[in-house]
Amino acid sequence: MTDELILYTNPMSRGRIARWMLEEVGAPYRTEILQFGTTMKGDAYKTVNPMGKVPTIVHNGKVVTECAAICAYLADAFPEAGLAPPTDRRADYYRWLFFGAGPLEAAVSNRALGFEVPPERERMIGYGSYADVMDALEKAVQANPYIAGDVFSAADVYVGAQIGWGLQFGTIEKRPAFEEYFGRLASREACRRANEKDNAAAAELQNAG
């Protein structure tokens, strides 16, 4: 295995999304596990990602942060994996990838923190309301087998991971459409491999502590 592609992560973080995407790509990569509050905020890692957050990937010396960007970047960097539609059929791919990075992420995070947008202020915030986001997401996953059509893509990794995490922790409503969609994704070999690797890393960290 070469050091051409490096994943900086923690198994109890959004780094699981990047891990899943890397397993879908199938390229060799090295993993650097960082600890919250210590190595993740240390000077060495902040030269890679000044935010002191994970995940981050480094590919041929180029740094990519933010889960949606990592998914999109890897799909383009490894086209042989077939994880991005042809450029003339990317409307839904871009739409739902950035929906996940914008309205979905914000609405779910705010709800988890106990913040509800007052109805009279919904026009001020990009996602409007949590209910609006859930309804839009439900229609999206019901329209086709995958979020951008009939073929699995990097957008499914990003949106699907958020749905799976939300269903597990109760931040996304357990609607049948969400459970059916994520069940289809969770059965993928790459998803299973990623979970096995992150679960093993989490157990190792726990034992070390």
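Heavy-atom basis, side chains included; hydrogens, waters and symmetry copies ignored.
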Residue pairs passing the side-chain hydrogen bond (donor to acceptor under 3.5 Å, both in side chains) test where at least one lies in residues 64-75, sequence neighbours excluded: His59-Tyr73
Which value, rounded to the nearest 0.5 Å, describes the distance between [X] atom [atom1] and [Y] atom [atom2]?
X      : Y      : atom1 : atom2 : result
Thr87  : Tyr93  : OG1   : OH    : 12.0 Å
Arg30  : Glu4   : CZ    : CD    : 12.0 Å
Leu104 : Tyr130 : CG    : OH    : 9.0 Å
Leu97  : Ile147 : CG    : CD1   : 10.0 Å
Phe115 : Ser109 : CZ    : OG    : 12.5 Å

Determine the minimum heavy-atom distance between [X] and [Y], stating which atoms define it.
X      : Y      : answer
Ala161 : Ile17  : CB-CG1, 3.5 Å
Trp20  : Val157 : CZ3-O, 3.6 Å
Cys191 : Glu24  : N-OE2, 4.4 Å
Tyr158 : Cys71  : CB-SG, 4.2 Å
Ala84  : Asp76  : CB-OD1, 4.2 Å
Gly149 : Asn144 : O-CB, 3.3 Å

CA sep, side-chain torsions, deciding dist, call: Val25, Met21, side-chain contact (heavy atoms from CB on, under 4.5 Å): CA-CA 6 Å; Val25 163; Met21 185 63 191; 4.2 Å; yes
Considering only residues two or more places apart or on different chains, which pairs with a residue in residues 128-156 satisfy salt bridge (charged side-chain N to carboxylate O under 4.0 Å, His left out)? Asp135-Arg175, Glu138-Arg175
Just grab all the salt bridge (charged side-chain N to carboxylate O under 4.0 Å, His left out) pairs involving residues 190-203, residues at least two apart or on different chains. Arg19-Asp198, Glu23-Arg193, Glu23-Lys197, Glu189-Arg192
Taking side chain as C-beta onward, heavy atoms only, is [X] less than 4.5 Å from [Y]?
X      : Y      : answer
Leu22  : Leu74  : yes
Pro55  : Leu7   : yes
Thr9   : Arg14  : no
Tyr8   : Val48  : yes
Tyr45  : Thr39  : no
Ile6   : Ile57  : no
Glu116 : Asn110 : no
Ile163 : Leu185 : no

Would the number of heavy atoms belonging to other residues, nucleotides or ligands and lying under 6.0 Å from CD of Glu179 be above 12? yes
Quick check against the 3.5 Å criterion: does Lys41 have a side-chain atom that pairs as donor or acceptor with the backbone of Lys53? no
Is it true that a side-chain atom of Gln162 and a backbone atom of Gly100 form a donor plus acceptor pair closer than 3.5 Å? yes
Check step by step if side-chain contact (heavy atoms from CB on, under 4.5 Å) holds for Leu5 and Phe78. CA-CA 12 Å; Leu5 185 53; Phe78 299 94; 4.1 Å; yes
Which residues share a side chain to side chain contact (heavy atoms under 4.5 Å, CB included) with Pro103, sequence neighbours left out: Phe99, Tyr127, Val133
Sorted by chain and residue number, the side chain to side chain contact (heavy atoms under 4.5 Å, CB included) partners of Tyr94 (sequence neighbours excluded) come out as Arg90, Phe98
Dump the intermediate steps for side-chain contact (heavy atoms from CB on, under 4.5 Å) on Met40 and Ile33, then the final yes or no. CA-CA 9 Å; Met40 201 179 294; Ile33 302 294; over 6 Å; no
Taking the six-membered ring for Trp, are Tyr146 and Phe152 parallel (under 30°), tilted (30 to 60°) or perpendicular (over 60°)? perpendicular
Do Val108 and Ile125 belong together in a cluster built from hydrophobic side chains that touch within less than 4.5 Å? yes
Before you tell me yes or no, could you show the steps for Val63 and Thr56 under side-chain contact (heavy atoms from CB on, under 4.5 Å), namely the whole-Å CA-CA distance, both residues' side-chain angles and the distance that decides it to 0.1 Å? CA-CA 7 Å; Val63 176; Thr56 296; 3.7 Å; yes
How is the hydrophobic cluster of Phe169 composed, in terms of its other members, when Ile, Leu, Val, Met, Phe, Trp and Tyr link through side-chain heavy atoms under 4.5 Å apart, directly or indirectly? Trp165
Side chain to side chain donor-acceptor pair (under 3.5 Å) for Asn10 and Arg16? Distances and angles first, verdict last. CA-CA 8 Å; Asn10 180 288; Arg16 283 181 171 257; over 6 Å; no
